[in-house]
K.L.:
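Okay, handing you the structure first.
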Amino acid sequence: MVDIDKNQCKGCELCIINCKFEALVRGTERNSKGYIVPAYIADKCTSCKMCEFICPDLAITVIKENEL
Amino acid sequence: MGASINTKAVVIQGNEASAEGALLAGCTFFAGYPITPATEIAEVMAERMPKVGGIFIQMEDELASINSLIGAAWGGHKALTATSGPGYSLMQEGIGYAAVTETPCVIINVMRGGPSTGQPTMTSQQDVYQAKYGSHGDYEPIVLVPSSAQEALDLTIRAFNLSEKYLVPVTVLTDEVVGHTRERVVIPESPEIYNRVPPPEGEEYLPFRGEEKLGGVPYRANFGEGHNICVDGQLHDEIGMRVGHMVAPSAQLVKRIMAKINDNIDDISDYELYHTDDAEVVVLAYGSTARVALRSVLDARKDGIKAGLIKLKTLFPFPDAMIRNETRSATRVIVPECNAGKICNEVQRVVSVQVESMPKFGGAMHVPSEIFEAIKRS
Amino acid sequence: MNPLGKKYLRKEALPTIFCPGCGHGTVLNSTLRMLDKVGLENFLFVSGIGCSSWLPVFIKADVLHTLHGRAVAVATGLKLVQPDKKVMVFNGDGDNMAIGGNHFIHAARRNIDITVVMLNNYIYGMTGGQASPGTPLNSKTKTSPYGSHEKPFDAVKLAIGAGATFVARETSASPIKITRTLEKAVNHRGFSFVEIMSQCPTQAGRNIYGKSAPSDIFRILRDSAVSKKDTELLQGQFRTGIFHLDEETPVYSQKIEVAAS
């Protein structure tokens, strides 16, 4: 599961282009700073953590299934 | 720690005496670059630092030297560098950084003729303004001016003490004459040493908050002690976070770092007075010129002239009140100096009578008779 | 915020000054993973001036944010008096190779046991996009509007030539490689240099590439990096990996036999 800290996000979309599984797409919600936050598609996610690692704002936390 | 010379008095040159003073003060880090006429200080420290468990490193230039001092100081050590005019110019950005981050360190500038490459082997007192104003921005350094090899030792110890007490870069401004003259120096056995004050345990530590108890100076913890200190050259608040984009806290920091020096001038100021009580002609001098001036003043007194001498040992912060007081009976104030006339302007700012400047060019020094003649002139 | 960020970032310093999509942010993220493994309490940080130099300020540790180009000299002094700590420098292509070039090559020559991480975004970002010693030839920048006339440094070759004993290059497109390489670099005894090519969508993007979307500049960077040794390089590409590892050359040391007198 991918948790996106909405108000840390700057809408750079690096997570979107780095997700091999298309589990992150451009969203429709804007955060308090006006950035468009990505939308998460749980079904496609494999918890590979690439989004967590690439995010320049450390806004993403990947929680593996067995940690929930 | 301490002098390796076990006798009480020795005959050494001022440069060696400066190094001895640094060792007595507890200096354990020296970084420098060779430059005439200061190189002997580095050479003595190269030999003595390892013997006291300290570090000596010859850096690639003076920029690297002053900057490595900053690292060593935050690492908890008393750090020293030594240079002359051209190197001192290069160190100014580092000195400004030390001033705004309140980094204790000592810089010895053995003045030589300038400007630029100038006169590498000749004396001068030309860098006096640079010692106070050399870096950009508003700040308040401390500048000491020894006039003999003995004072080179004593004032270098004092420089370290003031640097630790006020968390400020201190310049010891000697000159080629003081640096290279060999004379009798008494090595003190256990001089009084001052160390930066660590924060009290159990309380929240704000690394850049001026403490009333310490005269506006912060407590000082070092790196590696778990305080997670952020040191920044940009104007910062009490926890080190940048405030350069905000007027009030920026002003607050600059005012505090200047006030911690200016408000404590009585503690920092150091001078000697000779016959100023009833003096009608007062000579104000510093550094090697002060020795010449003393001879002239004593000769004038023998001749029945009411002459007096103010010899400054702390040049900056400039002792306005003391000078005003000691020239109260004077109708003339004479300022001989080995430059185009610089401190005479400071004196003029302070006293109401006309100040007579006695500049000196070309690397020469005043001789007693010329100051004596100037005193006699009415 | 991810758990390492919550644990290791200095709250009072946030938000970071990094633009959306700045590679330096990914480097910060990757660095925290290394620090978590090696132990943050062992580190002291020094940086210069520029976007890259802000990185350690965001970490809750002892940080010396110093003058432009002087971080390596400050780090030298700090390391010599606290030899048991890992001293890590973060700086940029301008800070390390222009104004700081002299201090860089001498620290490498001395083989001082510090780690210098140079974030190369090909430009002076903080000041608005001027040419730096990392800017590719013929690039348009604010101070090379007709295209730069200068070849950039190859920082890896410069470091090896100066005597660095651990030299590596990665990019901000490879966060896992960054963490692994930084761990090797900080554990190496001697002068370690890691160049991390980092995308700057705002300044390098707009000036050099004529684009500003982070994903576009990211893709250009990712596609320039070649990790396989036997692959031929195309125009504009560079190699990544560990280029030099020397564990024979003695680390700078002041241990000498001197009788105390």
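A quick note: this is a predicted structure, and the numbers were derived from the prediction, not measured. Naming convention: chains lettered A, B, ... in sequence-line order (proteins, then strands); numbering from 1 in each chain.
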K.L.:
Given a strict heavy-atom distance threshold of 4.5 Å, which part of C:Leu9 is in contact with chain A: side chain, backbone, both, or neither?
P.N.:
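For C:Leu9, the contact with chain A is made by the side chain alone.
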K.L.:
Donor-acceptor check, side chain of C:Asn42 to backbone of C:Lys85, threshold 3.5 angstrom: yes or no?
P.N.:
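Not at all, since once roles are kept as given, no pair shorter than 3.5 Å links the two residues.
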K.L.:
In plain terms, say whether C:Arg239 and C:Asp154 are close enough for a salt bridge, that is, a side-chain N and a carboxylate O under 4.0 Å apart.
P.N.:
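Salt bridge between C:Arg239 and C:Asp154, a charged N being under 4.0 Å from a carboxylate O: no.
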K.L.:
Testing the 3.5 Å rule here: is there a donor-acceptor pair between the side chains of C:Ser132 and C:Asp93?
P.N.:
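There is such a pair between these side chains.
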K.L.:
Select one option (side chain, backbone, both, neither) describing which atoms of C:Ala213 are under 4.5 Å from chain A's heavy atoms.
P.N.:
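Answer is neither: C:Ala213 stays 4.5 Å or more from chain A.
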K.L.:
So what's closer than 4.5 Å to chain C heavy atoms on A:Gln8: side chain, backbone, both or neither?
P.N.:
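It is the side chain, since no backbone atom gets that close.
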K.L.:
With no hydrogens and no angle check, just 3.5 Å: does a side-chain donor-acceptor pair link A:Asn7 and A:Ser32?
P.N.:
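Yes, a side-chain donor-acceptor pair sits under 3.5 Å.
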K.L.:
Do you know which of A:Asp5, A:Leu58, A:Ile17 has the most heavy-atom pairs under 4.5 Å to chain C?
P.N.:
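Option with the greatest count: A:Leu58.
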K.L.:
Look only at the side chain of C:Gln199 and the backbone of C:Gly21, and say whether a donor-acceptor pair between them is shorter than 3.5 Å.
P.N.:
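The answer is yes, because a donor-acceptor pair under 3.5 Å joins these two groups.
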K.L.:
For A:Leu14, is it the side chain, the backbone, both or neither that has a heavy atom under 4.5 Å from a heavy atom of chain C?
P.N.:
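For A:Leu14, the side chain is the part near chain C, not the backbone.
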K.L.:
Pick whichever of A:Ile54, A:Ile60, A:Asn18, A:Thr61 has the most heavy-atom pairs under 4.5 Å with chain C.
P.N.:
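Most heavy-atom pairs within the cutoff with chain C belong to A:Ile54.
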K.L.:
Quick check: are there more than 12 heavy atoms from other residues, nucleotides or ligands sitting under 6.0 Å from CD of C:Glu41?
P.N.:
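Above 12, so yes.
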K.L.:
Which one, C:Thr179, C:Asn29, C:Ile176, leads in non-hydrogen pairs under 4.5 Å with chain A?
P.N.:
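Option with the top pair count is C:Asn29.
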K.L.:
So what's closer than 4.5 Å to chain C heavy atoms on A:Asp3: side chain, backbone, both or neither?
P.N.:
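Neither part.
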